[in-house]
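Everything below concerns the one structure shown next.
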Amino acid sequence: MSTEAVCVALTVPKEITKHVFKHLDAPDLVNASETCRQWSNYTQEMREGWKEEYAERNEESLFSPD
């Protein structure tokens, strides 16, 4: 029997974890991604999408007339 501790959160199915992550705001998603490699991998796609959305929004505001 292994004496290593297992984080209960890492035993939750990937699909459920990703569903929960969809409800996090950007700062909380970044914090979750820094928890462990597995969560970082799960959140990578979402974080990339937010980066693109943020860049597009800021680009639009730079070029929109006041």
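- Other residues, nucleotides and ligands contribute at most 12 non-hydrogen atoms within 6.0 Å of the CD atom of Glu45.
- Within the model, atoms CG of Leu29 and CG of Asp25 stand 8.5 Å from one another, a figure rounded to the nearest 0.5 Å.
- Between His19 and Ile16, every side-chain heavy-atom pair lies at or beyond the 4.5 Å cut-off.
- Closest heavy-atom contact between Ser33 and Ser40: O-CB, 3.2 Å.
- Side chain of Thr43 to backbone of Trp39: a donor-acceptor contact under 3.5 angstrom is found.
- Ring-plane geometry between Phe21 and Tyr42 is classed as tilted, the angle between the planes lying from 30 to 60 degrees on a 0 to 90 degree scale.
- The side chain to side chain donor-acceptor pair (under 3.5 Å) check on Glu15 picks up nothing, with sequence neighbours excluded.
- The two atoms that bring Thr35 and Asn31 nearest to each other are OG1-O, 3.2 Å, heavy atoms only.
- Expressed to the nearest 0.5 Å, how far NZ of Lys18 lies from CG of Asn41 amounts to 9.0 Å.
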